[in-house]
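When reading the values below, keep in mind they use all heavy atoms of this one structure, side chains included, and skip hydrogens, waters and symmetry mates. As the structure is a computational prediction, the values presented were derived from the model and not from experiment.
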Amino acid sequence: KDFVLGQFEACGSTTTTTPKEVSGAVGSETYSSIPADGVSIGTDGSVRVADEASVVVTGTSTFGGSVSFRLCGPTPLSDASYTLCTSSSGVAIGSAKAVSGPSPAVVRSDETTVTSTGRYCWFAAYSGDTVNRVPGSTDNAVSECFRVLPVRPTLDTDAGDGPVDFGNAV
């Protein structure tokens, strides 16, 4: 049979991800976007992070596949640029997460605990769906990167009600 309305639309996919800070007890976690200036490592010397992927598929409403996640870093905070993560660098975080239509499909990586300050970058890869001829896609843009900063002190200091001369008791 001929298709008289024109060409069939080719399937495609894009993956866009957002680094998240994880807080709260296991089972009732809260995920919040990491601010552009970074996140402070906790007073316990760690911070919990995860990556959230949104897979947009065009050309079909039926699709499957999975998203896998990798984390690279740390690089020094003084480094002005990020070393982007790739499919062969960094550490795999958890197992691949299944996705299916409708689009967009949103999944999160397993959380991981970071214990060093520095710059980190995520890499996310959507496998695609060969049955429905949806190609895979990845995200390793600079928007995948974040900074883990030293502990921000919360100690307030106050010498008293008035000025204290050097050498005198406070």
Is the closest side-chain heavy-atom distance between [X] and [Y] below 4.5 Å?
{"X": "Trp122", "Y": "Val49", "value": "yes"}
{"X": "Thr18", "Y": "Lys20", "value": "yes"}
{"X": "Pro104", "Y": "Ser54", "value": "yes"}

To the nearest 0.5 Å, what is the distance between [atom1] ([X]) and [atom2] ([Y])?
{"X": "Asp51", "Y": "Arg70", "atom1": "CG", "atom2": "CZ", "answer": "13.0 Å"}
{"X": "Ser33", "Y": "Glu52", "atom1": "OG", "atom2": "CD", "answer": "7.5 Å"}
{"X": "Asp139", "Y": "Phe69", "atom1": "CG", "atom2": "CZ", "answer": "10.0 Å"}
{"X": "Arg119", "Y": "Thr83", "atom1": "CZ", "atom2": "OG1", "answer": "9.5 Å"}
{"X": "Glu21", "Y": "Ser40", "atom1": "CD", "atom2": "OG", "answer": "9.0 Å"}

Which word best sums up how the rings of Phe146 and Tyr120 line up, parallel for under 30°, tilted for 30 to 60°, or perpendicular for over 60°?
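Phe146 vs Tyr120 ring planes: parallel.
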Is it the case that the side chain of [X] and the backbone of [Y] share a donor-acceptor pair, with hydrogens and angles ignored and the cut-off at 3.5 Å?
{"X": "Ser46", "Y": "Thr115", "result": "no"}
{"X": "Asp129", "Y": "Gly64", "result": "yes"}
{"X": "Ser103", "Y": "Val57", "result": "yes"}
{"X": "Asn132", "Y": "Val134", "result": "no"}

Minimum-distance pair of heavy atoms, taken over all atoms of [X] and [Y]:
{"X": "Tyr126", "Y": "Ser13", "value": "CD2-OG, 3.6 Å"}
{"X": "Ser127", "Y": "Gly65", "value": "OG-CA, 3.4 Å"}
{"X": "Val151", "Y": "Gly42", "value": "CG2-O, 3.3 Å"}
{"X": "Pro150", "Y": "Ile41", "value": "C-CG2, 4.0 Å"}

Go through Leu71 and Val91 one step at a time and tell me if the side-chain contact (heavy atoms from CB on, under 4.5 Å) criterion holds.
CA-CA 5 Å; Leu71 182 62; Val91 175; 5.5 Å; no
Cys85 and Cys121 SG atoms under 2.5 angstrom apart:
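Answer is no, sulfur atoms not closer than 2.5 Å.
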Test applied, side-chain contact (heavy atoms from CB on, under 4.5 Å); reference residue, Leu149; option that passes from Leu77, Val39, Val47:
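Among Leu77, Val39, Val47, the one that satisfies the side-chain contact (heavy atoms from CB on, under 4.5 Å) with Leu149 is Leu77.
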In sequence, state the C-alpha distance, the side-chain angles, and the governing distance for Asp110 and Lys97, and then conclude on side-chain contact (heavy atoms from CB on, under 4.5 Å).
CA-CA 9 Å; Asp110 290 343; Lys97 305 301 177 199; 2.6 Å; yes
Report yes or no: do Phe123 and Leu84 belong to one cluster of Ile/Leu/Val/Met/Phe/Trp/Tyr joined by side chain heavy-atom distances under 4.5 Å?
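Different clusters.
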Side-chain heavy atoms under 4.5 Å apart, restricted to Ile/Leu/Val/Met/Phe/Trp/Tyr: what other residues fall into the cluster of Val22, or is it alone?
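Under the 4.5 Å side-chain rule, Val22 groups with Tyr31.
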Tell me every residue that passes salt bridge (charged side-chain N to carboxylate O under 4.0 Å, His left out) with Arg48, counting only those two or more places apart in sequence or in another chain.
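Per chain and number, Arg48 pairs via salt bridge (charged side-chain N to carboxylate O under 4.0 Å, His left out) with Glu111.
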